[in-house]
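One structure is given below, encoded as structure tokens.
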2 protein chains.
Amino acid sequence: MDTVEKLLDATERRIRQNGYHAVSFRDLADELGIKSASVHYHFRRKEDLGKAVVERYSKRFFEALDNAPDPLAAYCDVFEHALKRDEAICLCGVLGAETRGIPDDVAAEVKRFFEDNLAWLTNHLGDIGNAAMALSSLEGGMMIAQSLDDYSIFDRVRAELLSKAAQ
Amino acid sequence: MDTVEKLLDATERRIRQNGYHAVSFRDLADELGIKSASVHYHFRRKEDLGKAVVERYSKRFFEALDNAPDPLAAYCDVFEHALKRDEAICLCGVLGAETRGIPDDVAAEVKRFFEDNLAWLTNHLGDIGNAAMALSSLEGGMMIAQSLDDYSIFDRVRAELLSKAAQ
DNA sequence: ACCTGTCTATCTATCAGTAGATAGACAAGA
DNA sequence: TCTTGTCTATCTACTGATAGATAGACAGGT
């Protein structure tokens, strides 16, 4: 795996666990066994790195939704994997909470992620109210599950969403 | 108003807008027209300040819920005021997203806030599934509304919650 | 086969700025 | 006189960022 990919991995993990401001070039460099100047070679400014991470995250997110037989269940699955497999919350959930404290172009990319999510959900669920509810509750449920260090609130949100949709 | 109260106000606003790591003793001191050493006099460590802010926020939050005739509507109102009047998201929503990157005792206070919320909601709504849904969707809706710079997703979440409850 | 130039990826060294934190002096008021 | 709150001055550690150098790979022309 090349250095750029390793940097994106490390940055995504660190932002999702600690927030944008808790990521430093030196920590990233130490993790990869290189110097911080070499990180700057690949991503001149921190916001370039941040933007690239969000772009990759968003791309992978929607790829995972392609060709799903049951859209809402698939959508919940993507969030559940993000939470339980990666042991971290949604990248854009973290960055959205910091919106005003991060560079404008990173915030713009996060905004786009949410717009795309709402569009996808509205398209597949047929109703923008249900779309708003699904996105909001899954994002909120992840964040609270992390704070409580207990996934059960997320599981309850998922169950409620799927049962209400079945009505 | 005394210095401590002013410090709590400024810190709460700054955390809610930019996150825990974007608050510095110097910025707080500049805002109040004092020196950073004086901030340390009132709150020796940053985590003392952070903990005090969460405690005050939580106390005020539940006071605003006292004696509400319609619990769910009152609950939504508290969140809506926080979002629209303060033009910021929930303090604990921001800190919850940063959980692993903030001092343990601040994270513990945030965790307690969410536990108390779930207990209050379960008590007043009668069902823990509905409680999980209300808390998660309102927290998530605030965060996404901030990122989109558009309150309508929050309004939709509120409307969905109240209409589903009426069924 | 041998230069020549260019590119990639890293290095060392350093910058100005800021972080949280502390010691000790000072002034006002009870 | 003692407490309270502020100050000046300083510390160590770290931040993102840049300059300049270097080793090695690669391609083109001779």
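Residue numbers begin at 1 in each chain, while the letters A, B, ... track the order of the sequences.
Look at NE2 on His21(B): it is 14 Å from C1' on dC14(D), rounded to the nearest Å. As a whole-Å value, the separation of Asp30(A) CG from dC11(C) P is 11 Å. One atom, NZ of Lys35(A), and another, P of dA17(D), lie 19 Å apart when rounded to the nearest Å. Rounding to whole angstrom units, NE2 of residue His42(A) and P of dA17(D) are separated by 16 Å. The distance between atom CD of Glu47(B) and atom P of dA19(C), rounded to the nearest whole Å, is 18 Å. Rounded to an integer number of Å, the gap from CG of Leu49(A) to P of dT15(D) is 14 Å.
A distance-only check finds a donor-acceptor pair linking the side chain of Lys46(B) to the backbone of Val23(B) [under 3.5 Å]. Counting only distance, with no hydrogens or angles, the side chain of His40(B) and the backbone of Arg44(B) share a donor-acceptor pair below 3.5 Å.
Tyr75(A) and Phe79(A) have tilted rings, their planes meeting at an angle from 30° to 60° on a 0 to 90° scale.
In terms of position along DNA chain D, the nucleotide closest to Asp27(A) lies nearer the 5' end than the nucleotide closest to the other residue of the pair Arg44(A) and Asp27(A).
Among the heavy atoms of the strands lying under 4.0 Å from Arg45(B) are primed sugar atoms or P, OP1, OP2 only; no base atom is included. Across all strands shown, Val4(B) has no heavy atoms under 4.0 Å from either base or sugar-phosphate atoms.
Distances shown here put every side-chain N or O of Tyr41(A) at or beyond 4.0 Å from the OP1 or OP2 atom of dT10(C). In terms of phosphate contacts, Lys46(B) brings a side-chain nitrogen or oxygen within less than 4.0 Å of OP1 or OP2 of dG20(C). For the OP1/OP2 pair of dT10(C) and a distance below 4.0 Å, the side-chain nitrogens and oxygens of His40(A) include no atom meeting the criterion. Residue Thr3(A) places at least one side-chain N or O under 4.0 Å from the OP1 or OP2 atom of dT10(C). In terms of phosphate contacts, Ser38(B) brings a side-chain nitrogen or oxygen within less than 4.0 Å of OP1 or OP2 of dC7(D).
Comparing dT10(D), dT14(C), dT8(D) against the side chain of Arg26(A) picks out dT14(C) as the nearest. In this structure, the nucleotide among dG16(D), dT22(C), dA19(C) sitting nearest to the side chain of Phe25(A) is dG16(D).
Between Arg156(A) and Glu160(A), none of the side-chain N atoms (NZ, or NE/NH1/NH2) sits under 4.0 Å from a carboxylate O, so this pair counts as no salt bridge. Salt bridge Arg158(B)/Asp155(B): absent, no basic N to carboxylate O contact under 4.0 Å.
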